[in-house]
Amino acid sequence: MKMAILVIAMLVFANQTLFEQLKEKCELSKNEYLIVIFQTPGNCVKCFIEPMDLVELIKKNSLGINYKLMALVSVEREIELKVFQKENDWKHYMLVDDGNARKDLGAKGIAMMIILDSRGKIMAEFLPNQYDKNIEKAKKFVKSR
Amino acid sequence: MKIILITFVTLTLISSNCTMKTQHILEYKPEKLQTQNLNKINIEPKGIIEIEEDENNIIQQITSVAIIGESNTLALINGKDLLFYDNTTGKFIKKIEATFEMTDLVAKSGRKPYIDSNYERRKVEVPYISTTNYTQNGIDGEIAQQFIKNFFMSLKNINNTFYSFGTIYCYYIGSSEKSIDNIPVLFVLNDELNIESYVVMDLNKNSHAIAYDFYINNYIYLSAPGMYKVPAFGGEFDSYPTAAKYDLEGNFIKSVSHMTNNYLLKGGLKNGWVYPRFIEVNNHIMIVYPEELAVFGENKKLFDLQNLPFKNDSGFVYYQDYLRYCRSKEMRPDIDVIARLFPIKIIDAFENENKFYPIILVWDKNKPMGFYYLIQEYTSDGKLLREVALDDEPENQIRQFAFNKYDKELVLFKKSKTSWTAEKWSLR
């Protein structure tokens, strides 16, 4: 019986979409947004600071907007998430990106950060090296809430 | 009306031409070449060791590795750390971290940011700023620690001494704006695996060294890309420098290698730096590039690699168009397409008994994993003697190669879901 429950649980988990996994991991509620940054340990400093600057901007201007922050990290082993955590003093949620995360969440292949609503719809998408455009997008997102 | 119609037709033609061109690239398949059956390099499995990991030393990626067989020590670079292990047991010995404080090695070395009149921040001679002078220069120490992430980049065993290059960041203030340079610093380790001495390299406007690879004999050879075209290959054509030679104090002597015509065709600097590797064979420096299927000496080509199952020629031609296509679609280049454009990639090389051994990744759809490794053996004057092919395993993949000269072992560093192992093969 126990075995059957385990198998069913595994099947359910296997069929869960990535967004459902993220939602479950950070207990995202109905009125919350999920900010996802895509990271690779050992990346250039800029690759971490660029999205984090945008998160800071949203945080500063988003009175009343509830969000959770998640890093999807391109590593091969769960244990390697600790390298990212230590390197960046990361205190938020994080999960392994198997290389398909952007695609699974419906983001562009080069996206560095996305904001999802509680149903998994992309509300804003940020691409690397588009500093001014990204700031505009972040402001637009805050203003529209 | 006519003008509108002509414009429309022209745009339609250009667009369909672009699509056709891209389609051709997306569907490109390299032609398989006839190869000869050569004598096989004898390699036999000798043993496997598991490399110890713990909470503080999780190996994510081995970017460079070296072994000193005589002292039974294995050294590897994992992120910013230099880690040392017992080469027989895989037990962790110690680590050296690339610390924030290393920035002061540059600041206090007397080296200065180079002058380049094309950049506002580089127009005047200014010093590098040490951490003790941050406040008086308006630099926030806490923010500086966020930006300055020094790391070790490459590592070699040369005559039983470990040498490792670090990339060390240092602030300077040029034209009132704060900037950071990345400066290669060579660390020399002693028998106790401590840093015994260091050399801060001299950068200049056409040789901004990045220590992707290096070699040291009477000189220091270092990957050192340049931003401006200069006469290359004995004045045959103008090209961007890729490698430079320095004296043992780190002073620049001259550029010794440049982008080949193929790399210029691939897009030159527009599509990134080209990093060479250095190997010394028979007291001569040999230089190889990832996609260029030849071996170079100082400012000249020495010989072509032979008996390869594919060529990279079409890749050099199509690469720019493919990147343009990816940019237009806001997508990352697809590894499958890149593998077909450049089916041959020289990933490493080593020397043994005055012979040169390139380690080549061959993308071949007919292989179970879609690729295999080919190791060839050449005399120092370019005669191909033997070769051997190595297959990889999906669940335990080869991530790095090393050659232990003392024990004549080819060592394959493999990563599985649970651990890193070093698989040793005797080479005869």
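Every value quoted in this text rests on a predicted model; they were computed, and no experiment measured them. Residue numbers start from 1 in every chain, and the chains themselves are labelled A, B, ... in the order their sequence lines are given, proteins ahead of strands.
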**Q** Within this structure, what is the CE-NZ distance for the pair B/M331 and A/K103, rounded to the nearest 0.5 Å?
**A**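 It is 11.0 Å, given to the nearest 0.5 Å.
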
**Q** Contact part of B/S419 toward chain A, heavy-atom cut-off under 4.5 Å: side chain, backbone, both or neither?
**A** backbone

**Q** If I measure from the heavy atoms of chain A, does B/S416 come under 4.5 Å with its side chain, its backbone, both, or neither?
**A**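 Looking at B/S416, just its backbone touches chain A.
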
**Q** Does any heavy atom of chain A fall under 4.5 Å from the side chain of B/E55, the backbone, both, or neither of them?
**A**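 Looking at B/E55, just its side chain touches chain A.
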
**Q** Measure distances from A/I49 to the heavy atoms of chain B and classify the residue's part below 4.5 Å as side chain, backbone, both or neither.
**A** side chain

**Q** Name the option with the most non-hydrogen atom pairs under 4.5 Å to chain A; the candidates are B/Q61, B/K149, B/E53.
**A**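 Heavy-atom pairs under 4.5 Å are most numerous for B/E53.
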
**Q** Relative to chain B, which of A/K86, A/E87, A/K108 shows the most heavy atom pairs under 4.5 Å?
**A** A/K108

**Q** Evaluate whether atom NZ of B/K345 has more than 12 neighbouring non-hydrogen atoms of other residues, nucleotides or ligands under 6.0 angstrom away.
**A** no

**Q** At under 4.5 Å between heavy atoms, what parts of residues 74-83 of chain A are in contact with chain B? List them by residue number.
**A** A/S74, A/V75, A/E76, A/R77, A/I79, A/E80, A/K82, A/V83

**Q** In residues 26-37 of chain A, which residues are in contact with chain B at a heavy-atom separation under 4.5 Å?
**A** none

**Q** Under 4.5 Å heavy-atom distance to chain A, tell me which part of B/K415 shows up: side chain, backbone, both or neither.
**A**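 Side chain only.
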
**Q** Rounded to the nearest 0.5 Å, how far does CZ of A/F48 lie from CD of B/Q146?
**A**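 Answer for the CD-CZ pair, B/Q146 versus A/F48, is 8.0 Å.
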
**Q** Using the test side-chain contact (heavy atoms from CB on, under 4.5 Å), find all partners of B/Q145 that sit at least two apart in sequence or belong to another chain.
**A** B/F100

**Q** Which value, rounded to the nearest 0.5 Å, describes the distance between A/I110 atom CD1 and B/K329 atom NZ?
**A**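 A/I110 atom CD1 to B/K329 atom NZ measures 13.0 Å (nearest 0.5 Å).
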
**Q** Can you list every pair that meets side-chain hydrogen bond (donor to acceptor under 3.5 Å, both in side chains) and has a residue in residues 52-61 of chain A, with sequence neighbours left out?
**A**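 Listed once each, the pairs would be none.
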
